[in-house]
Amino acid sequence: MSTVHLIDHPLVQHKLTLMRRKDASTNTFRRLLNELAMLMAYEVTRDMPLQDVEVETPLETMTGKAIDGKKLVFVSILRAGTGILDGMLSIVPGARVGHIGLYRDPKTLTAVEYYFKMPSEMHERDVVVVDPMLATGNSAIAAIDRLKEMSPKSIKFACLLGCPEGVKAMQEAHPDVDIYTAAVDRELNSHGYILPGLGDAGDRIFGTK
Ligand code: URA
C-alpha cells in the first residue's frame with residue numbers, strides 16, 4: 001500500500017487555510033498556491049538521488065552533492081495542475097515537464113483524455129504528477145495509468161487537498177504511488193467536490209467563475 005505524506009509544516013497549513021477562504025481573490029489564491037507548491041516541492045523531492053560533483057571553492061577543490069533535475073519530470077494534469085507546476089519549477093528549474101489534458105465528464109465524473117505530451121526517455125525519469133485536488137481520484141488514476149505505459153523509474157502524486165474517497169481509490173488503483181498532500185478533508189459530495197474543501201481549484205486559479 002502506498003504512503004500518504006501529510007505535509008503538516010505550519011507554513012503549508014497556514015497558507016492552505018488562507019486559500020480556503022471564499023473571499024480570497026484570484027490573485028491571492030494563485031499567489032498562495034504558488035508559495036505552497038514551492039514548500040511542497042521541498043517535501044516531494046526529499047529523497048531525490050544525489051550525485052557527486054567536483055566543485056572548486058575559492059580555497060580548494062571538493063566533492064559536493066548535486067541533484068540531476070533533468071531526470072525529474074513534473075507532469076501537470078491540465079488545467080489546474082498548472083497552478084502547482086509553476087511553484088515546483090521555481091524550486092527545481094531543471095526539471096522536465098509533461099502535460100496530460102483530462103476533463104471530468106460532468107455526468108459520470110470519469111476522466112476523458114484530450115492531450116498527452118511527455119519528454120523523451122521517460123523510462124529513465126522520476127515523475128511527480130501534480131493536480132491540486134484529489135477528489136474522486138479518476139483523473140489522477142487515469143493520468144497514472146497512461147504514464148505507466150511509458151515505464152518511468154518512479155511515480156509520485158502531489159496535491160493540495162485530498163479526501164478519503166480519492167485517497168482510497170488511488171491507493172487501490174496505484175498502490176505503488178505515494179501521495180503527498182497538505183490535507184485530507186472530510187468527504188466528497190455527490191457533485192464530486194471535496195468538503196469542506198476550497199471550491200473549484202481551476203476556477204479559483206484562473207478566475208473563470
Ligand atoms: N476539483 C476541484 O477543483 N474541487 C473539488 O472540490 C473537487 C475537484
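In listed order, ligands and their atoms are each counted from 1. Quantities reported herein were computed from a predicted structural model and do not represent experimental measurements.
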Electrostatic pair K156-D47, nearest N-O below 4.0 angstrom: yes
Protein contact to atom 5 (C) of ligand 1 [nearest heavy atom, distance to 0.1 Å]: Y193 CD2, 3.4 Å
Euclidean distance, D131 CG relative to S76 OG, rounded to 0.5 Å: 7.5 Å
Atom indices of ligand 1 within 4.0 angstrom of A201 heavy atoms, with elements: 2 (C), 3 (O)
Interatomic spacing from CD1 in I155 to CG in L147 - rounded to 0.5 Å: 5.0 Å
R46/E43 salt bridge by N-O under 4.0 Å criterion: yes
Protein contact to atom 6 (O) of ligand 1 [nearest heavy atom, distance to 0.1 Å]: I194 N, 2.8 Å
Presence of salt bridge, R79 and D203, under 4.0 angstrom: yes
Part of A135 within contact of ligand 1 (heavy atoms, under 4.0 Å): side chain
Distance filter under 4.0 Å to G199 heavy atoms, resulting ligand 1 atoms: 2 (C), 3 (O), 4 (N), 5 (C), 6 (O)
Close-contact set for ligand 1 against G192 heavy atoms, below 4.0 Å: 7 (C), 8 (C)
